[in-house]
S.K.: 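What follows is a structure written as structure tokens; I'll ask about it next.
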Amino acid sequence: IPDGGIMNSLFGKITMLIGALAASMSFIFWSTYKGRLALDIFSTMTTDQAFGFAKLFAAITFITLLVLFVMFLGRDRSND
């Protein structure tokens, strides 16, 4: 694509979006679970309870990101 390179194409934009989402989710997972998994409460939980806790926390994180994304899409763009 001679006019601006591959990053100006739709493929490039989608690739950058997927990479940014993957990096964001990796950072959130690492920073969130790093401290939580070291807590003493996990040694008293069964594996099913710990897995349920991890699923709950992942769901809360996903819902929060989804709400932020919807808020971003609904913002007033008249000042842009």
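Computation of the quantities below employed the complete heavy-atom set of this structure, encompassing side-chain atoms and omitting hydrogens, waters and symmetry-equivalent molecules.
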S.K.: Is there a chain of hydrophobic side chains (I, L, V, M, F, W, Y, each step under 4.5 Å between heavy atoms) that links I63 to M71?
M.R.: yes
S.K.: Which donor-acceptor pairs under 3.5 Å do side chains of residues 48-55 form with protein atoms, sequence neighbours excluded?
M.R.:
{"from": "Q49", "atom 1": "OE1", "to": "T46", "atom 2": "N", "distance (Å)": "3.0"}

S.K.: Other members of the hydrophobic cluster containing V70, with the 4.5 Å side-chain heavy-atom rule, please.
M.R.: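 ILVMFWY cluster around V70 holds nothing else.
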